[in-house]
Structures are given as C-alpha cells and as structure tokens.
Number of protein chains: 2
Amino acid sequence: MNAPTQIDTSAEDLMANAIRALSMDAVQAANSGHPGAPMGTADIAAVLFNRFMKIDPSADKWADRDRFVMSAGHGSMLVYAINHLLGYDDMDMDQLRNFRQMGYRTAGHPEYGHAKGIEVTTGPLGQGFSSAVGMALAERMHNARFGDELVDHYTYVIAGDGCLMEGVSHEVIDFAGHHGLGRLIVLWDDNQITIDGSTDVSTSMNQKMRFEAAGWHVQAVDGHDKEAVAAAIQAAREVTDKPSMIACRTIIGFGAPNKQGSHSVHGAPLGDEEIAAAREALDWPHAPFTVPQEVYDAWHAVSARGRAAREAWETRLTASAHKDAFQTSMANPDAAALDAAIDAYKAKLSADAPKVATRKASQMALEVINATLPNTAGGSADLTGSNLTMTGDMTDVTASDFSGNYIRYGVREHGMNAIMNGIALHGGFIPYGGTFLIFADYGRGAIRLAALMGVRVIYVLTHDSIGLGEDGPTHQPVEVLASYRAMPNLNVFRPADVVETAEAWQAALKFENTPSMLSLSRQGLPCLRTEHVAENMVAKGAYVLREAEGGRDVTLIGTGSEVEIAMKAADLLAEEGIKAAVVSAPCFELFAAQDDAYKTSVLGDAPRVGVEAAVEQGWAPLLGQNAAFVGMTGFGASAPAGELYKHFGITAEAVAAAAKELIK
Amino acid sequence: MNAPTQIDTSAEDLMANAIRALSMDAVQAANSGHPGAPMGTADIAAVLFNRFMKIDPSADKWADRDRFVMSAGHGSMLVYAINHLLGYDDMDMDQLRNFRQMGYRTAGHPEYGHAKGIEVTTGPLGQGFSSAVGMALAERMHNARFGDELVDHYTYVIAGDGCLMEGVSHEVIDFAGHHGLGRLIVLWDDNQITIDGSTDVSTSMNQKMRFEAAGWHVQAVDGHDKEAVAAAIQAAREVTDKPSMIACRTIIGFGAPNKQGSHSVHGAPLGDEEIAAAREALDWPHAPFTVPQEVYDAWHAVSARGRAAREAWETRLTASAHKDAFQTSMANPDAAALDAAIDAYKAKLSADAPKVATRKASQMALEVINATLPNTAGGSADLTGSNLTMTGDMTDVTASDFSGNYIRYGVREHGMNAIMNGIALHGGFIPYGGTFLIFADYGRGAIRLAALMGVRVIYVLTHDSIGLGEDGPTHQPVEVLASYRAMPNLNVFRPADVVETAEAWQAALKFENTPSMLSLSRQGLPCLRTEHVAENMVAKGAYVLREAEGGRDVTLIGTGSEVEIAMKAADLLAEEGIKAAVVSAPCFELFAAQDDAYKTSVLGDAPRVGVEAAVEQGWAPLLGQNAAFVGMTGFGASAPAGELYKHFGITAEAVAAAAKELIK
C-alpha cells in the first residue's frame with residue numbers, strides 16, 4: 001500500500017509529450033479520431049504509470065496487475081501510445097501509423113481482445129467507468145478469499161465529462177460508494193468541454209459534491225501539475241474504505257497552442273499547421289512516429305518495475321497454500337464436475353417431474369451449480385425474491401465483508417450489467433444477475449458490450465411474457481426476445497420446464513466467450529422433458545420433444561412457456577387424427593449452429609406452426625415457407641395471466657386451428 | 001403564484017384515509033398489486049391535491065392544468081383512488097373493484113390513455129420523474145411564448161427510492177437543475193424500503209446533497225405531518241428559479257399496524273386480517289369500496305376549485321390576442337402547410353439532385369419544416385454537429401430564456417428520450433432529438449414508453465451503419481434496426497437519399513400517435529429519387545424505385561445507404577442481360593400496412609435479394625421464399641467506410657452475384 005519509492009520522475013514531461021505527439025500524429029495520419037483527450041490527459045497518465053501502475057507487458061493477463069481503464073474511449077490513442085511506449089509486443093509503431101485502419105489493433109475505440117493491455121472495450125460513454133467498478137469489486141471479493149499476498153491491486157479510471165453525464169455513472173457511483181471500494185481511483189478529465197461546446201451548455205453539476213453525496217473521497221487538482229496529481233493519487237490510495245475521485249482540471253488538446261481548450265480539438269485532426277505549432281510549443285522536434293530512446297527508457301522502467309512485482313507475486317503464488325484454489329478461480333469452471341452435478345440433478349427431476357415456474361427452476365438449478373462451482377457471483381437489481389437468484393448458501397457482499405457471493409445491485413439494471421462485465425473481465429468469478437426481462441433494455445448498452453467483447457456474463461431475466469399477468473404492458477415483453485436474438489454473439493435461452501432450465505444454465509456456464517440470457521417464466525410450468533434427460537438437448541438449440549408416430553402431418557414449434565401449449569395442441573390434433581410433432585426451441589442461436597442434417601431431422605418437411613407469446617420477428621429460420629405463427633402482434637394488457645393468453649389468442653386451440661388451416 | 005386561500009383542511013385526514021382504504025381493498029380484491037406506496041404517500045397526496053393542485057376533472061385535457069405524475073407507478077392505486085374521489089367520470093367504483101382486471105381502466109400500472117387524469121404511463125422506474133422534467137420544461141417554453149395569462153402551472157411528482165436509483169434520474173436531475181425548472185416539484189417518498197429490504201442494503205446516497213449538487217432547492221419533512229408538507233410545497237412554489245425536491249420521510253404501508261414500515265407491505269395484498277386491523281387503526285369503519293359523502297365532498301371541492309380556475313382561464317383565452325397561436329400550438333401540425341412546403345422543396349431537390357449524407361438531408365428538410373411549423377422543439381444529446389439537428393433559425397433553450405426551440409440535452413440519451421415524452425405529453429411542441437443510432441439503446445426504455453403511450457416523438461439517429469467507418473464496432477449498429485422494427489407502434493424510417501429523407505420527415509410529423517425513428521447515414525449518398533417526386537413514396541413504406549423493362553428476372557430490395565448498392569447491382573446485372581427491378585423499402589411498418597395488391601405490385605413474383613448493412617432478422621416479410629440477403633452477420637470493425645463495405649461483402653458485385661445464384 002505504500003507508494004513506490006525511488007521513482008525517477010525527471011522524464012515525465014517527455015513521457016507525457018510522447019503520448020501527445022503520437023496521438024496527434026496518428027489522428028492526422030488516419031484523418032480521423034480524437035486528439036483532444038489524449039493530449040489533455042497525457043500528464044495524468046504519465047504520472048499514473050510512472051509512479052503507480054503495476055503492470056507487466058510481458059504477462060498482460062497477470063491476475064494481480066493494476067487495471068487501467070480509459071473510460072473516455074474516444075481517447076484511444078492515449079492507450080495505444082502508452083502500450084507502445086511500455087513495450088507491449090503487439091503494439092509496434094506500425095500499429096500507431098495505421099490507427100483506425102483495417103486489420104490493425106488500433107481501432108477507433110479501444111477494443112478488448114484486439115490488443116494486449118486493453119482491459120475493457122470503451123467508447124460508449126460511461127461503460128468503462130462502470131465496468132471498472134466491477135473490477136474493483138471483484139478485486140476486493142477475490143482479496144477476501146486469497147488475501148493481500150495474492151490479490152492486492154488498484155483500478156484506475158480516466159473518465160470524461162460525458163462519462164459522468166450518462167445515467168449509468170449515477171448507478172455505479174452510488175454502488176461503489178455504498179460498497180466502499182477503496183481500490184477504485186477515478187481521475188476525472190475535467191476539461192469543461194463536450195462536443196457541443198463548453199460543458200456549461202448542458203450541465204451545472206457540482207461533481208465534487210455529487211461524489212461526496214455518494215460517500216466518495218474527493219480531491220481536486222490541476223491536471224497538468226504532475227506533483228499535485230501524484231500527491232492526490234497517493235492520498236487516494238491511502239483511503240482504503242472509500243472510492244476516490246480526483247477532479248483533474250485539464251486543458252483539452254494541451255500542447256496545440258492555437259486550438260487547445262476548445263471543442264474544435266475534441267474529435268478532429270489538428271491539421272499539419274497546428275501539429276507543427278504543437279511540436280514547437282511542446283519542444284518536441286522529432287519526426288512523426290519517432291520517439292527518442294531516453295523516452296522509451298523511461299517508459300520501459302515502468303514495465304521493468306511491473307515485471308519484478310509480477311515475478312515476486314509468482315514466487316508467492318508458488319509458495320501459497322491457496323495456489324490451486326486461486327488458479328481454479330481464474331480458470332474455466334470445472335466442466336466435468338458441473339456435468340456430473342447437473343446430470344444427477346436432472347435424473348432426479350425426471351422422476352419427480354415438478355411443476356414450477358422456470359424462475360423457480362432456475363433457482364433450483366443454481367442450488368446445484370453454486371454448490372458445485374466455487375466462484376459464481378450472483379445478484380439482482382432489487383428483485384431477489386422475484387428473480388429467485390439467491391440460493392441457500394449465499395451471503396451478501398458488503399462493504400465490511402467481501403467474502404460473500406451475492407451482490408445487491410439495487411434498482412440499477414444498467415449499472416448491474418456493466419459491473420458484471422467488469423467482474424468477468426477481472427476474473428475470479430462468473431457473474432450472473434437478475435431483473436425482469438423487460439428491464440434488460442435498461443441495461444442494453446452493457447449487454448451489447450458483453451456480446452462484443454465476448455465475456456461470460458449470465459442474465460437471469462424473469463417474468464418473460466404476458467404470463468406475468470396483472471403488472472400489464474409496461475412490464476410485459478413482446479419485442480424483447482426478438483431484439484436480443486438480433487444481437488450477435490449472445491445466446492438467448494428460453495427453457496420450457498425445469499429440466500430445460502437446468503440444461504440452459506449448464507450450457508450458458510460453458511460459453512467462455514459468449515454472454516447468455518435466460519428468459520424465465522413467472523408462472524408455473526409442467527415438467528415436459530421426462531425422457532432423454534441424459535443429454536443436454538438445450539445445447540442443441542432445438543429438438544424434437546414429441547415425435548409424431550408414423551410420420552408428421554405438422555410440426556409445432558414452441559419456446560418456454562408456450563411449449564406446454566404446443567403439447568396440448570398436439571393432443572387436440574391427435575383427437576382429430578392429425579399427427580403433430582412438437583419441437584422445443586429454447587435457443588435459436590445454438591440451433592442455427594447445428595449442421596443441416598440435424599436441423600432437417602428436427603424441423604422435418606411438414607408444415608410448421610410456431611408459438612411464442614412474443615412477436616414473430618426472428619422466427620423465419622425455424623418456420624420456413626409453409627408455416628403459421630401464433631403469438632403477439634402488439635403490446636400486452638393488465639389482467640390475470642390465463643385471461644391474457646385467451647385474450648391474445650395464444651392457446652392450444654389457436655395453435656391446433658392454425659395447424660389445420662395449413663394442412664387442409 | 002400565491003398559495004390558494006381559504007382552503008378547508010379539516011377533512012384531510014379522511015381524504016388520505018380514503019386513499020388508503022381504497023388502495024388496500026382494491027389490491028386485496030385483485031389479489032395482486034402494491035398497497036405500500038399509496039398508503040405511505042396518501043398524506044402527501046391529500047395535502048397536494050387539497051391545497052395546491054389545479055385540475056378540472058370535467059376538462060381533463062385543459063392545457064393550463066397542473067400535472068401530477070406518480071413516478072412510482074406500482075403505486076397506481078393512489079392515482080385511481082384520487083381520480084375516483086375527484087369525480088373523473090370514467091373512474092367509478094366499479095373500476096376500483098376491478099383493479100388489474102381485463103377490460104378495466106385500472107391497469108396494474110397507470111397507463112396513459114386508459115383513463116382520464118393519467119398524465120404519463122409509469123411503472124418502469126425513473127420514467128415518470130424524467131418525463132415530468134419534460135413537462136416542466138415545456139411549461140416554461142410555452143410560457144415564454146404565451147405568458148402567465150395562458151401558461152402558468154406546476155408539475156408535481158411523487159418519486160420513490162427506485163426512481164432515484166435509476167440512472168436516468170441523474171440525467172434529468174442535472175438537466176432540470178441546469179435549466180432552472182422552478183415549476184417542477186418532486187416529492188420523494190423517502191420510506192427507506194425497496195423490494196429487497198431496507199434501502200441500506202444497496203445505497204448510501206445522501207439524496208439531499210445529491211440534488212443540491214445539481215442546483216435544486218431541497219427540503220426535508222415528515223411526510224405524515226400535513227402542515228409540514230404543505231409548508232414545504234408552498235416554499236417550493238415560491239422558489240421560481242430552481243426545481244424543488246422535498247424529501248418526505250414516510251412509513252410505507254402507513255396505517256397497516258402490523259406490516260407498515262416493512263418491505264412485506266410493498267408488493268403484496270395485506271390480507272384480510274391486516275386490513276381489518278388497518279380499518280381499526282385508521283378509524284375507517286366503512287365497508288370496502290365505500291366512501292362517506294363528506295369525504296367525497298372534500299375531494300369534490302378540489303375539482304370545483306379547478307373548474308373555476310379553468311373557466312377563468314377560458315375567459316382569458318377568449319380575450320387573448322394569442323388565442324389562435326395558442327390553439328395552433330396545441331393542435332396537430334398544419335398538414336396542408338407542411339405538404340406544400342415539402343412538395344416545393346422536393347421539386348427543387350429533384351432538379352438539383354444533390355449528393356448528401358441523409359443526416360445532412362435531414363437538416364435540409366428541417367430547415368423547411370422548422371420554417372413552416374411554429375412549434376417543433378429540436379435538440380441533441382451533445383452531438384449537434386454530427387446529428388445536424390439544429391437549423392439556422394433555431395436558438396438554445398436556456399434557464400434565462402425559454403423562448404428558444406433548441407434543447408441541449410447533454411450526453412443523456414435516456415434522459416433526452418424521456419424528456420421528449422414529457423414535452424409531447426404536455427403539448428405545445430413536437431419534440432425531436434438526435435444521437436447516434438447505436439445510442440438509441442441507451443434510451444430504449446423511454447422509446448418503448450413512447451410507442452406504448454402513442455406519442456409523437458421523433459428520434460434523429462445518425463451514423464446508422466458500418467458506413468460511419470473508423471469509430472468501429474462500438475459505434476456501428478448491426479442489430480439496432482431489427483431490434484426497433486420488432487417494437488410495436490414505432491415507425492423505423494431508413495431513407496435512401498435527400499428526397500426520401502424529406503418524405504420520411506413529412507410522414508413522421510403526421511403520426512400523432514406513433515413515434516418515429518429516422519435512421520440516417522454519416523456518409524454521402526446520391527440522389528436516386530429523381531422521378532415521381534410529387535408523391536410521398538416513403539409513406540407507403542416501400543416502392544419500386546426502378547422497374548425492369550419487359551418483366552423482372554429479379555427484384556433487388558434495399559434500404560437507406562444500400563439502395564445505391566442495389567441500383568449499381570441492377571446496372572451490373574443489366575450488362576449481363578438480367579432484368580432487375582429495384583425496390584426502396586424505407587419503412588417496413590408502413591409497407592406492412594399497405595393492401596395486398598400494392599405489396600404484390602412492389603415485390604413482384606421474381607426472386608428477391610435484400611441488401612442492408614445490418615442483420616437479416618426482420619426482413620422475412622419482404623423477402624418471401626426464393627430470396628437471398630446481403631448484409632451483416634456479426635459486429636463491425638474500425639476502418640474507412642469504403643473498406644468496411646468491401647470487407648463485409650456488402651457491394652453491388654455481391655448483390656449481383658446473389659441475384660445470379662438465385663435465378664440460375
């Protein structure tokens with residue numbers, strides 16, 4: 001916790017100016033990008049890295065590294081410049097010369113997974129900050145399990161005015177203050193400029209007072225006074241029971257003598273003339289994309305310090321009694337143990353065949369999962385008793401005790417999802433969190449980033465249709481499933497019963513690089529999967545739940561709570577001598593990934609009727625040419641669930657009638 | 001501005017207890033609902049209505065009424081009970097007896113348009129509060145045009161802990177403080193309870209300090225001390241240059257002696273036993289759904305006072321020199337004037353055929369529209385120069401001058417959309433606001449409510465595909481169009497050129513009860529509609545842009561920036577003797593509403609190729625059986641736009657190849 005000693009600060013001006021020069025030159029070469037933020041925050045970054053950051057570019061995934069998040073992601077050149085200067089082996093000068101070009105790692109905004117040392121994808125404002133809260137939370141939770149010996153790092157954020165204007169910032173500021181995340185240090189780039197001009201065009205917020213209201217430790221400094229910045233960071237590090245915000249008053253585009261301090265420098269190249277003037281003003285006579293060795297030496301000293309720290313940590317890990325448990329926590333979950341536990345649970349289920357809501361089935365599955373996997377981290381956005389996300393063995397994560405595994409996210413869906421991104425990115429835990437399906441949309445921005453980054457976050461989304469009943473159309477999703485099925489790299493599971501719910505959880509947990517949603521019913525649903533329980537059929541996306549003896553006249557396809565309706569419709573049709581197969585389709589994405597032979601075996605060549613208490617959009621690949629759909633065409637209504645199903649015509653009778661119309 | 005005089009306060013206890021009794025009885029009858037909030041806030045509501053509210057139930061849409069918003073919409077019984085007691089003619093006791101039942105106006109959450117006196121649909125937390133900020137803004141803007149004589153009312157909000165935890169609250173608190181919305185008075189139901197338990201489970205926010213940091217006038221009172229509540233409201237009314245927040249410390253479920261103050265009373269019926277105990281505790285011996293005449297009399301006095309105020313206002317309006325202008329502002333826009341202006345503009349366009357980005361085309365159309373319609377209210381979430389939402393004649397709306405018509409929403413997409421809902425609901429203005437298409441999702445919660453309520457809000461969403469280029473996948477929508485096409489009662493327009501953009505605006509402005517999105521390009525697009533410019537073809541949803549002479553071999557269907565690609569593909573095919581028609585499909589929803597004959601005439605019976613720089617989902621109704629789609633299958637990338645189109649295979653060559661494959 002003490003400040004690093006014997007740091008050479010003599011080259012910090014050069015360290016900062018190297019960031020500035022590389023940033024303005026790269027933006028100019030691309031003829032696209034944002035020079036203002038990297039030039040304005042270069043001094044802060046130079047101080048932070050030179051005096052405090054603990055990272056080792058030769059081991060970029062080292063668990064105990066400090067995390068640095070450039071939440072103002074449009075300032076991506078700050079990250080690329082720093083990572084080049086530090087010596088990351090995938091960030092040579094060619095990457096900087098080709099900023100924002102096809103096939104290079106230097107994307108317009110920092111993209112997690114594109115290059116080493118990018119902790120989180122940023123750009124959509126507020127997301128980096130919010131995910132950093134998740135990282136800082138995960139650090140304390142991990143620390144509570146493995147101690148200072150193995151887990152002892154900080155999360156630093158540079159956030160812009162936009163990050164602090166976005167609503168999600170409020171959610172996570174309150175959350176971080178409530179949880180006393182003392183290892184979180186946010187450096188606010190207080191440049192008083194947004195795209196539309198001066199910040200006083202649109203805000204009068206006293207940010208210092210605002211953060212203090214949330215229980216943060218707050219300081220304010222001149223962001224170009226390196227000693228002041230360093231002293232503030234040091235003071236922030238020493239406050240262990242509160243997150244810290246340091247308001248760094250900066251000049252946007254610092255160093256561009258004729259444009260700095262104006263929104264003209266925010267998001268456009270400076271131009272050759274101003275770049276020449278900046279070189280003069282900064283006393284940086286070097287050619288574009290040229291950095292003197294003494295500057296590299298100064299940055300490499302940061303890397304060397306980090307490498308030494310990492311090697312010392314490796315030694316501690318090797319000697320630690322916690323070594324195996326620590327490594328297990330950072331690895332993929334034990335698939336064999338998970339499979340064995342789920343298989344045993346399913347075998348029991350198929351005997352009992354309980355009728356339960358799939359939200360309850362989710363809780364039952366979680367009882368098995370949480371007892372099997374040591375590092376799930378559950379939670380809910382203030383709907384614990386409705387989402388049924390807490391299991392018997394869970395305890396709350398609190399500011400005074402981070403050893404728990406259940407997170408009270410509050411009424412903060414966006415914050416929850418962004419924090420879960422941060423937890424997943426930090427490592428050590430598999431986060432899941434609950435809200436109503438309709439309120440997934442409040443946190444959609446963070447779900448999209450989970451899909452884009454490819455992180456394992458699991459959304460437990462209950463009350464998933466008009467089946468929630470009386471709460472009415474504000475709470476009844478009709479378009480939500482379609483809207484998320486449209487999103488790349490996101491698995492949308494809608495299990496039909498207690499067995500499928502267990503299989504959906506099992507499948508979701510194994511996707512290391514794809515987030516998953518579980519769409520779950522409020523209302524009770526019969527156990528339909530009483531056979532073939534040995535195999536995870538949900539993992540195939542869709543499967544034949546009931547085959548039609550002697551060839552199909554029609555195939556009925558349902559998801560979730562409507563599979564029961566399809567089964568009843570098949571019974572009705574059988575009474576009339578019509579042979580109907582029933583397909584359960586709990587995950588369209590996974591079905592799309594099956595081979596054609598399997599798809600054909602499931603869908604058959606008979607006419608098809610789809611049924612889902614939602615809009616038809618997205619069903620085309622399952623329905624094909626000669627098909628009908630029974631579902632919703634508009635918003636829901638407020639009434640008991642059974643009446644709503646009748647009112648909107650989503651019934652076994654309607655499905656049977658649609659089938660007969662198709663085959664007549 | 002002075003407090004109403006000679007108010008009889010002697011019956012306020014009874015007025016409040018009537019709310020409590022009706023609420024607990026209705027929730028019990030429904031066996032579903034939330035008694036806690038209405039019982040806890042009944043005293044506040046009784047004081048507010050009895051001493052301050054200016055409403056006339058016999059003229060529920062009276063422009064100068066005070067607005068009351070129950071932002072904690074789960075407490076809907078408060079609204080229904082009050083509206084029954086006030087004598088709204090559509091809220092008889094039968095409605096209350098059938099709370100949350102099919103076909104009744106008393107939905108689980110208050111639904112705008114279901115019953116009189118419901119100013120906004122609430123339930124999704126934070127939305128009511130945020131829309132109320134829009135109402136209070138519209139009031140000041142309208143006042144700046146028509147003076148105190150015609151526009152002089154307050155907006156009152158009851159907000160719960162959840163409303164204040166949601167991120168959108170931050171956005172609008174900052175906005176309201178910055179704009180000095182002195183006519184906005186927020187009564188915070190500070191009951192220290194959320195669904196998961198005590199608020200200290202998840203928040204440590206000092207709300208008073210938080211609001212003060214945003215420039216609000218803040219007070220705190222005992223929410224069951226009626227004189228204290230009245231004094232605070234009166235003081236809040238007298239502060240004209242700041243919005244006011246009154247923290248009302250309440251006991252949730254007040255009056256239920258054994259359950260009050262606990263989260264058990266939040267969202268479940270009290271049960272017969274506790275209801276009996278509450279009747280005893282409240283000294284309310286009356287049978288369920290029975291209200292003594294003296295209590296009705298007290299509530300009806302509020303209505304009578306409002307009626308007198310409304311009649312006096314009508315007299316002032318009749319005598320006012322502003323009468324016509326005022327009525328015009330509250331009515332639908334002058335369609336004839338709009339049509340004439342757009343027609344003249346289009347005729348000129350077809351001669352010039354300018355190549356412009358559709359975002360620029362939108363600004364050009366707005367120059368015409370804003371010069372024609374007196375009451376558009378534009379704005380942007382800090383992307384004015386990118387969205388091109390400001391026209392030459394516009395001036396900013398500021399705290400010191402509300403006569404402008406351009407709103408600086410700041411980096412607050414969710415707040416912007418919710419505020420626009422409030423402006424539209426208030427009346428007097430047609431709001432439109434801009435951001436990037438990708439960031440529509442940050443404000444999706446409010447867009448859904450606009451669609452559900454059916455209000456005229458227009459979203460100007462630029463940078464609508466990989467065509468934005470270097471900003472990369474965080475900023476490139478691929479699933480966004482599909483996700484909004486799935487939403488009921490929302491028109492998604494994606495115009496192809498400068499003419500279609502004008503037509504999209506023209507169509508959108510005429511939809512009184514449907515919000516519209518305009519999906520607009522960053523990149524320049526040629527003018528393709530050089531013929532048939534007299535008719536608004538966009539209003540038909542899709543149309544034949546180029547017919548194939550002598551019968552079609554294939555039909556190419558594109559939207560927005562990809563119509564140009566379809567046209568080029570048709571040229572390529574023509575070189576090979578293949579006759580391709582090109583259909584532009586700027587609005588799937590409006591095309592779906594056309595008759596079958598028109599649809600068939602447009603789509604034809606040749607094979608079809610769709611092209612859109614987005615995912616295929618949602619295209620099924622246009623493509624039919626023998627079809628191909630050229631578009632995106634995953635997230636985008638960071639590179640110049642032209643390279644991205646090539647990289648992802650969205651080119652004229654690819655469309656032509658797909659066509660040839662289909663017809664070979």
Side-chain angles (χ1 to χ4, degrees), chain A residues 32 100-102 107-109 121 123-125 162 165-168 170-171 174 177-178 194-196 201-206 209-210 213-215 382-384 408 410-412 414 441-442 444-445 452 470-474 479 482-483 486-488 615 617-618 620 625 634-635 638-639 643 647, chain B residues 32 100-102 107-109 121 123-125 162 165-168 170-171 174 177-178 194-196 201-206 209-210 213-215 382-384 408 410-412 414 441-442 444-445 452 470-474 479 482-483 486-488 615 617-618 620 625 634-635 638-639 643 647:
Chain A
S32 168
R100 294 182 155 227
Q101 302 308 304
M102 181 67 75
H109 295 83
T121 295
L125 294 175
M165 290 171 88
E166 290 288 0
V168 69
H170 167 62
E171 300 183 13
D174 190 0
H178 183 69
T194 68
I195 294 174
D196 269 14
V201 165
S202 58
T203 181
S204 307
M205 183 62 75
N206 181 330
M209 192 189 298
R210 173 196 179 197
D382 195 48
L383 288 169
T384 296
R408 301 283 180 173
V411 190
R412 307 183 183 106
H414 203 172
D441 279 351
Y442 267 40
R444 191 172 170 102
L452 178 60
E470 292 89 344
D471 274 347
T474 52
E479 78 288 16
S483 81
M487 189 178 282
V615 299
Q617 186 181 302
Q625 303 175 9
F635 292 110
S638 173
E643 293 182 40
H647 177 75
Chain B
S32 167
R100 294 183 155 227
Q101 302 308 304
M102 180 69 75
H109 295 83
T121 294
L125 294 175
M165 290 171 88
E166 290 288 0
V168 69
H170 167 63
E171 300 184 13
D174 190 0
H178 183 70
T194 68
I195 293 174
D196 269 12
V201 165
S202 58
T203 180
S204 306
M205 182 63 73
N206 181 330
M209 191 190 297
R210 173 196 179 198
D382 194 49
L383 288 169
T384 295
R408 301 284 181 172
V411 189
R412 306 183 184 106
H414 203 173
D441 278 350
Y442 267 40
R444 189 172 171 103
L452 179 60
E470 292 89 344
D471 274 346
T474 52
E479 78 288 17
S483 80
M487 189 177 282
V615 299
Q617 187 182 301
Q625 303 175 9
F635 292 110
S638 173
E643 292 182 41
H647 176 75

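These numbers come from the heavy atoms of this one structure, side chains and all, not from hydrogens, waters or symmetry mates. The chains referred to below are lettered A, B, ... by the order of the sequence lines, with proteins before strands, and numbering in each begins at 1.
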Chain A shares the most heavy-atom pairs under 4.5 Å, among B:M205, B:E643, B:Q617, with B:Q617
Residue from B:G410, B:P124, B:S202, B:G108 scoring the most non-hydrogen pairs under 4.5 Å with chain A is B:S202
Max heavy-atom pairs within cutoff under 4.5 Å with chain A, candidates B:G634, B:G167, B:G123, goes to B:G167
Bottom line for B:F635: the part with an atom under 4.5 Å from chain A's heavy atoms is both
Ranking B:G472, B:A107, B:A620 by heavy-atom pairs under 4.5 Å to chain A gives rank one to B:A107
If you tally heavy-atom pairs under 4.5 Å between each of A:S483, A:A486, A:G177, A:A214 and chain B, the highest tally belongs to A:A486
- Would you call A:E479 and B:P488 a side-chain contact if the rule is heavy atoms closer than 4.5 Å? yes
From the list A:H109, A:H647, A:Q101, A:R408, the residue making the most non-hydrogen contacts under 4.5 Å with chain B is A:H109
Answer whether the closest heavy-atom distance between the side chains of B:D471 and A:R100 falls below 4.5 Å. yes
| query | Side chains of A:H178 and B:V201: does their closest heavy-atom pair fall under 4.5 Å? | reply | no
Note: vs chain A, highest number of non-hydrogen pairs under 4.5 angstrom among B:A482, B:G215, B:G445 is B:A482
Under 4.5 Å to a heavy atom of chain A? For B:T121 that would be side chain
When the 4.5 angstrom heavy-atom criterion is applied to B:S32 and chain A, the contacting part is side chain
Does a side-chain heavy-atom distance below 4.5 Å link A:H414 with B:V168? no
Can you find a pair of side-chain heavy atoms, one from A:E166 and one from B:E171, that are under 4.5 Å apart? yes
Of all heavy-atom pairs linking B:D382 and A:I195, the shortest is OD2-N, 3.1 Å
On a heavy-atom basis, the closest approach of A:L452 and B:P473 is CD1-CB, 3.8 Å
The interface call for A:R210 against chain B, heavy-atom contacts under 4.5 Å, is both
Assert top hit (heavy-atom pairs under 4.5 Å, partner chain A, pool B:D196, B:D441, B:L383) equals B:D196
